Each structure stands twice: as C-alpha cells, then as structure tokens.
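All values reported here derive from a predicted model rather than from experimental measurement. Computation of the quantities below employed the complete heavy-atom set of this structure, encompassing side-chain atoms and omitting hydrogens, waters and symmetry-equivalent molecules.
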Amino acid sequence: SKQIPFTIEAGQSELNLGTVNLTNVYHFAEDRLAIDMTISPGGHQIAYAKYAPGNNAEHREIYIMDIAGVAYNSRISSRARVAEDRGMSWSNDGRQLLYVEKNETNIARLYRLNLISSSGGLISPLTSYSLDIAQPAFAPMGYRFVYQYFETTGAIFGAELVQRASGWKIENQVVVIPERNDQISQNQFSSIEFGISDRILYSKDGHGGYTVPYGANGDITLRFPINNMGSNSNSVTFSPNNDHIAYVVSNGSSSGIYMANIDGSSSERVSLSIGRSLEYTPNGKYLYFIDQSLGKERRLAHMIVPSKWSSENY
C-alpha cells in the first residue's frame with residue numbers, strides 16, 4: 001500500500017503527481033537485521049538470528065517476534081553463535097528450532113548442529129563439532145529432517161530427531177544423496193527444504209537448484225535439475241502446497257526473486273530484491289526473506305505474492 005497526498009483545486013482539470021514508484025516488498029525496521037530466519041508453522045511468528053556485529057550481547061543470538069515484526073521482539077538464546085547463512089528450521093508442532101552453530105575457536109572443527117526450544121532455554125547439541133554442516137530442514141510432519149553434513153564423507157542426510165532419557169538424539173540416519181561443498185567449510189548450500197511427498201528441494205551456489213526423493217539412498221541418477229534455474233540462482237523454496245517454487249538470482253542483469261512451476265518452467269521475475277532464507281507464509285500470500293540487496297544490509301523483508309502465483313485453496 002502507498003498513499004500520495006494531493007489536493008485538487010476548484011476548476012483544476014489535471015494534476016501531475018510526478019513519478020510513482022511501486023514495490024511489492026516491505027522492509028522491517030532498520031534494526032531487524034538477520035543472519036538467518038524461519039517462520040513458525042502457524043505463520044504467526046518469526047525466529048531469526050540477529051546480525052549485530054558491534055554488539056556482543058545480541059550478535060548471532062536467536063530472537064522471536066510476531067510475523068509483522070512489531071511485537072514481543074524477545075531474545076530466547078544465550079551463546080547460540082548462529083552460523084551465517086547456514087539455515088534454521090522450525091518443527092511442524094511449533095516446539096523446536098534447528099540451527100547451525102559456528103564456533104570460531106577451533107578452525108578445524110567449526111560447525112555443530114544444535115536444537116533449542118522455540119520458547120527458549122538450554123541449547124542441545126545434536127552433533128559434535130565438524131568440518132561442515134548446513135541447511136537443516138524439518139519435514140512437514142513429525143521430527144524427521146534433512147541436512148548437509150561432512151566429516152569423512154559429505155552428503156545430504158536424512159535423519160530423525162528422537163527424545164531419549166539422556167536428551168535429544170539423531171537416529172535412523174540415511175544418505176539421501178552424496179552432495180557436499182566443493183571446498184569444505186566454504187558454504188555453497190543456500191537452501192535445503194523438505195517438501196510434502198518426501199521430496200527434497202535444494203540449491204547450491206554456482207550449480208543451481210535440484211530436487212531428489214528422500215528415499216534416493218545415495219542414487220545420484222535420481223537428482224533432477226530445475227530447468228531455467230541458472231548456476232547463479234539460489235535460495236529456492238516450495239510454495240505451501242508444493243505446486244510451484246520461488247528462488248533468487250543474485251548477480252548480473254537478471255538479479256531478483258523469481259517464481260516458476262515446480263520444474264522451474266515458465267519462470268517470472270516478481271521482484272528486483274535479492275536475498276536468502278526465502279520462505280512462504282503458510283497461507284501462500286507472502287514470501288519472507290533476508291534482503292541482501294545493495295544498501296539493505298540484511299534487513300528482514302517480505303514480498304506480496306502476485307495473484308498469478310497465489311492460490312485460493314491455501
């Protein structure tokens with residue numbers, strides 16, 4: 001929405017309002033800068049890791065706020081040390097948050113997969129510190145999840161989060177597909193998403209986007225590229241009912257946010273903004289992201305989904 005004040009004088013037949021710039025992107029307050037973010041399953045809240053490099057008390061800590069970014073902006077973590085652009089995910093029951101920690105005191109073992117309650121409290125390490133972890137993503141139902149992991153062999157793994165007497169554990173881990181960063185610890189994975197019908201969607205900077213079934217069992221021939229997603233595209237996400245995708249092209253004259261059919265066909269640029277952590281609201285009407293356009297400096301933002309790509313059935 002945009003309001004332009006004007007006055008028509010008596011007898012006036014024409015009024016020049018000058019140039020009117022329209023945008024479908026809304027930015028949150030200037031202090032809402034984020035390293036990563038995820039939306040609650042009900043679509044009422046946002047969890048984000050704050051980007052505040054000059055503030056040791058806030059930088060890389062996890063905050064919860066309402067979906068509009070105006071109420072109860074509350075810190076829920078202590079020493080979360082969230083890793084930049086490596087992904088956060090909110091469980092479907094609304095109770096748990098998965099994220100990747102970066103511990104810069106040991107450059108040989110930088111990353112660890114952690115769990116924290118969405119209401120805050122103790123952080124539960126799910127792995128030991130390792131060479132590479134990125135983009136954990138809960139399944140639409142239950143406590144299965146996928147993530148990219150490298151210790152001795154790199155792959156996108158599927159696993160289940162189980163609560164035992166000794167705490168939360170990773171069990172029933174399987175290889176989805178052998179896929180890792182080309183240079184260990186230099187993250188290329190801009191997104192991994194666990195879709196309905198057990199379809200995994202992911203993007204890798206410099207390579208583009210792909211889909212693969214959860215049960216691929218390491219079979220590389222079951223990985224399918226998304227057509228029309230060039231090698232410079234990233235941060236791909238499913239629409240709520242998985243009938244189309246949104247993704248970002250982050251460099252060159254074609255930069256912007258795009259929407260396309262599930263296979264990437266009929267793509268259309270719908271915004272000039274670029275960013276990471278693309279995520280739809282559950283009703284499919286908005287697309288949230290961390291804006292990394294020039295001058296936006298990681299401000300949280302959302303975009304109205306054009307009616308062409310929306311559905312009244314959400």
Side-chain angles (χ1 to χ4, degrees), residues 1 22-28 32 34 36-48 64-70 87-94 97 118 135 137-142 145-146 190-203 209-211 214 226-229 233-249 256-291 299-314:
S1 63
L22 301 179
T23 178
N24 58 354
V25 174
Y26 167 83
H27 289 92
F28 286 23
R32 305 299 165 87
D36 245 309
M37 62 146 284
T38 183
I39 299 174
S40 68
H44 302 296
Q45 296 174 296
I46 298 172
Y48 73 102
I64 302 285
M65 65 181 173
D66 76 313
I67 195 70
V70 296
M88 295 177 70
S89 184
W90 206 319
S91 63
N92 186 69
D93 63 4
L97 291 165
S118 58
Q135 305 300 340
F138 275 114
M141 296 296 292
F145 68 97
V146 289
S190 53
S191 62
I192 301 177
E193 191 163 315
F194 203 138
I196 57 180
S197 302
D198 278 6
R199 197 78 189 172
I200 308 305
L201 177 70
Y202 72 96
S203 57
Y210 300 89
T211 64
Y214 181 83
I226 298 171
N227 298 329
N228 298 334
M229 271 189 72
S233 57
N234 51 44
S235 296
V236 63
T237 184
F238 281 123
S239 64
N241 62 0
N242 286 201
D243 67 343
H244 65 270
I245 60 172
Y247 63 93
V248 171
V249 173
I257 297 174
Y258 288 74
M259 291 184 177
N261 294 328
I262 199 71
D263 61 352
S265 62
S266 302
S267 61
E268 178 184 5
R269 182 162 59 177
V270 294
S271 174
L272 295 178
S273 296
I274 62 172
R276 300 243 176 176
S277 301
L278 285 181
E279 195 167 331
Y280 280 88
T281 52
N283 63 12
K285 294 182 179 180
Y286 296 94
L287 190 68
Y288 279 70
F289 61 100
I290 298 170
D291 198 335
R299 281 178 70 177
L300 284 165
H302 75 246
M303 186 197 79
I304 300 169
V305 174
S307 58
K308 173 183 176 180
W309 295 103
S310 187
S311 171
E312 295 300 321
N313 297 320
Y314 290 149

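The backbone N or O of Val305 lies less than 3.5 Å from no partner atom in the side chain of Ser310, so there is not a single donor-acceptor pair. The backbone N or O of Gly264 lies less than 3.5 Å from no partner atom in the side chain of Asn261, so there is not a single donor-acceptor pair. Side-chain atoms of Thr281 come within 3.5 Å of backbone atoms of Tyr286 as a donor-acceptor pair (strictly under, hydrogens ignored). No donor-acceptor distance shorter than 3.5 angstrom exists from the side chain of Ser197 to the backbone of Arg199, with no hydrogens or angles considered.
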Yes or no on side-chain contact (heavy atoms from CB on, under 4.5 Å) for Val270 and Met303, after CA distance, side-chain angles and deciding distance? CA-CA 9 Å; Val270 294; Met303 186 197 79; 3.7 Å; yes

So Tyr48 and Ile39, side-chain contact (heavy atoms from CB on, under 4.5 Å) or not? Walk me through it. CA-CA 9 Å; Tyr48 73 102; Ile39 299 174; over 6 Å; no

Full working for side-chain contact (heavy atoms from CB on, under 4.5 Å) between Asp36 and Ser277: CA-CA 6 Å; Asp36 245 309; Ser277 301; 2.9 Å; yes

Given Glu268 and Lys308, is the side-chain contact (heavy atoms from CB on, under 4.5 Å) satisfied, shown in steps? CA-CA 10 Å; Glu268 178 184 5; Lys308 173 183 176 180; 3.1 Å; yes

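In this structure, Ile257 CD1 and Asp291 CG are separated by 7.5 Å, a value rounded to the nearest 0.5 Å. Rounding to the nearest 0.5 Å places OG of Ser91 at 7.0 Å from CG of Leu97. Rounding to the nearest 0.5 Å gives a distance of 4.0 Å between OG of Ser239 and NE2 of His244.
Considering every non-hydrogen atom in both Gly69 and Phe28, the closest pair reads CA-CE2, 3.7 Å. Closest non-hydrogen pair, Ser190 versus Asn234, comes out as OG-CB, 2.9 Å. Closest heavy-atom contact between His27 and Ala301: CD2-CB, 3.6 Å. Contact between Gly256 and Arg269 at its shortest, heavy atoms only, is CA-CD, 4.1 Å. Of all heavy-atom pairs spanning Pro282 and Pro41, the tightest one is CG-O, 3.3 Å. For Lys285 against Asn283, the heavy-atom pair with the smallest separation is N-OD1, 3.0 Å.
Looking at residues two or more places apart in sequence or on another chain, you find a side chain to side chain contact (heavy atoms under 4.5 Å, CB included) between Thr237 and Glu193, Ala246, Leu278, Tyr280, Leu287.
Among the candidates Trp90, Tyr214, Phe145, Phe138, the single residue satisfying the ring pair (Phe, Tyr, Trp, His ring centres under 6.0 Å) test with Phe194 is Tyr214. Only one option out of Arg299, Glu279, Met37 pairs with Ile290 in a side chain to side chain contact (heavy atoms under 4.5 Å, CB included); it is Met37. For the pairing with Leu201, the side chain to side chain contact (heavy atoms under 4.5 Å, CB included) check across Ile226, Val146, Ile262 returns one residue only, Ile226.
Within the 4.5 Å cutoff, the side chain of Phe238 has no heavy atoms near those of the Ile196 side chain.
Ring geometry for Tyr247 versus Tyr258: interplanar angle under 30°, hence parallel rather than tilted (30 to 60°). Ring planes of His302 and Tyr288: tilted class, angle from 30 to 60°.
With hydrogens and angles left out, the side-chain atoms of Ser203 and Ser191 include a donor and acceptor closer than 3.5 Å.
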